[in-house]
Protein chains: 2
Amino acid sequence: MLAQYVILGLLKERPMHGYEIKQRFEKISGLFWKVSYGSLYPALKKLAKAGFIVQQRFSSKDSPGRKVFYLTEEGETALYEWLREAHDIGDVDRNSTNEFMLRLIFFSFLPEKEGRELLLKRQTVVCKKWEEMQGKLEEIESREEKGDYYKLAMLDYIIRMIRTEKSWLEDLLSGRDMPSFS
Amino acid sequence: MLAQYVILGLLKERPMHGYEIKQRFEKISGLFWKVSYGSLYPALKKLAKAGFIVQQRFSSKDSPGRKVFYLTEEGETALYEWLREAHDIGDVDRNSTNEFMLRLIFFSFLPEKEGRELLLKRQTVVCKKWEEMQGKLEEIESREEKGDYYKLAMLDYIIRMIRTEKSWLEDLLSGRDMPSFS
DNA sequence: ACTAACATGTAATCTGTTACATGATTGA
DNA sequence: TCAATCATGTAACAGATTACATGTTAGT
């Protein structure tokens, strides 16, 4: 499902054939998402059937040959709709975060202002979650119910991750020089 | 698959019935993993069939009634084996990270030394990945191929996340007071 | 000549979700 | 008495992976 849209996004960059799409897919989003041939080729078929992409076959005689796929206008519309749905991502769990990041890859296709708005929306969601987790932690600490060491460690991990996303968003929105990588 | 082992871990804490397991499951690991009834109850069935858990029915007359599940010795053995497999998690992508964190929840069941070893192993994997990503970034910067703003932002995001896990592990291993949450 | 990577595709299988069905218990 | 939550379970469906099958191209 998500793979379909990533394919559209990649094809907006330039026309590609299946194998190439997979490589690019994994180069860009490898840590968030992977795609297998067993889902890639059926996905391409579906997209073609829906009219979102068209294919051109390069057949050298009878060999199956490469098929290059092109994004259609309908496909572009579908891509934009999907990108704008980033507005509806209201959680910070693993799935929601992946869905947001997968869209982010293609934010440069949107008008600058819109990308910014989507980031601001994400910021409110992340901040809310951060406060929620912070509250959970304080509750545990106040009850002196220290409990399990590793479970506390996991809560710590989650809070750190959310805080990291929070400051990443702040830097991105403030236009600060991005590679603040120490 | 993973849910099965989390269930074993939760039942080692104390016997529970299905509904309770789901609640506890989500309270602890909600940001990493969720379980639906459509997988929970079949999973419990499978575990019972495999002899990893046994059930006691509390039937008030003819009502379906609650079923309380208990971990067996075989189940405990399976749980330990799974926890020790944390050794084999050699990547830092979303799936691998989730698998590691899901195991971490139950590390307190292992001898202290073993938990530490698993964390050290994770540390080497994370550090390696961090260096790899750092290299990728430098390569991009050196080529002056600044390219897409948002794609760079995503690389930044990934590196920050890995760095956060890195310092979390350092703090955890050094026994530093965990809630370093500012 | 051989190996690795390029390139496409399908079928069996596995896993998990959604929606549905049922009924008990508890508190307003 | 009514709604919410507790509690268990199944069947249809959706999605994705793995393994297989096939053939090309490029480099050593």
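Every chain is numbered from 1 and lettered A, B, ... according to where its sequence line falls, protein lines coming before strand lines. In this text, all values refer to a predicted model and were calculated from it rather than measured experimentally.
Summarising the geometry, the separation between CD1 on A:I7 and P on D:dG15 is reported as 14 Å, rounded to the nearest angstrom. Atom-to-atom, NZ of B:K46 to C1' of C:dG16 comes out at 10 Å; the value is rounded to the nearest Å. One atom, CG of A:L40, and another, P of C:dT10, lie 12 Å apart when rounded to the nearest Å. Per the geometry, CG belonging to B:N98 stands 17 Å off P belonging to C:dT15, to the nearest Å. The CG-C1' distance, from B:L47 to C:dT15, rounds to 15 Å in whole Å. Taking atom CZ on A:R66 and atom C1' on D:dA26, their separation rounds to 13 Å, with Å as the unit. In this structure, B:Y41 places its OH atom 11 Å from P of D:dT10, rounding to the nearest Å. One can place CG of A:N95 at 12 Å from P of D:dA16, the figure rounded to the nearest angstrom.
For the pair A:K67 and C:dG9, the criterion of a side-chain N or O lying under 4.0 Å from OP1 or OP2 is met. The shortest distance between the side-chain N/O atoms of B:S36 and the OP1/OP2 oxygens of C:dT18 is not below 4.0 Å. In this structure, A:S39 does not reach the D:dG15 phosphate: none of its side-chain N or O atoms is under 4.0 Å from OP1 or OP2. Dashed line: the shortest gap from a side-chain N or O of A:Y37 to OP1 or OP2 of C:dG9 is not under 4.0 Å. For A:K45 and C:dT10, the shortest distance from a side-chain N or O to OP1 or OP2 is below 4.0 Å.
Judged by a 6.0 Å distance limit and a 45° cone about the ring axis, A:R94 is positioned over the six-membered ring of B:W33.
Toward the 5′ end of DNA chain D lies the nearest nucleotide of B:Q23, the other residue of the pair B:Q23 and B:F69 mapping further downstream.
The side chain of B:Y19 approaches D:dA7 more closely than any other nucleotide in the set D:dA7, C:dT10, D:dA16.
When each of A:E76, A:E114, A:E13 is tested with A:F109 by the rule side-chain contact (heavy atoms from CB on, under 4.5 Å), just one qualifies, namely A:E13. Considering A:R66, A:R14, A:K27 as possible partners of A:E20, the one that fulfils the salt bridge (Lys or Arg N to Asp or Glu O under 4.0 Å) test is A:R14.
Base engagement by B:G38 is indicated by at least one non-hydrogen atom pair under 4.0 Å involving a base atom.
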| Please walk me through it: do A:E132 and A:K128 pass salt bridge (Lys or Arg N to Asp or Glu O under 4.0 Å)? | CA-CA 6 Å; A:E132 187 192 318; A:K128 208 183 127 206; 6.0 Å; no
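Residues B:R122 and B:T97 bring a donor and an acceptor atom of their side chains to less than 3.5 Å of each other.
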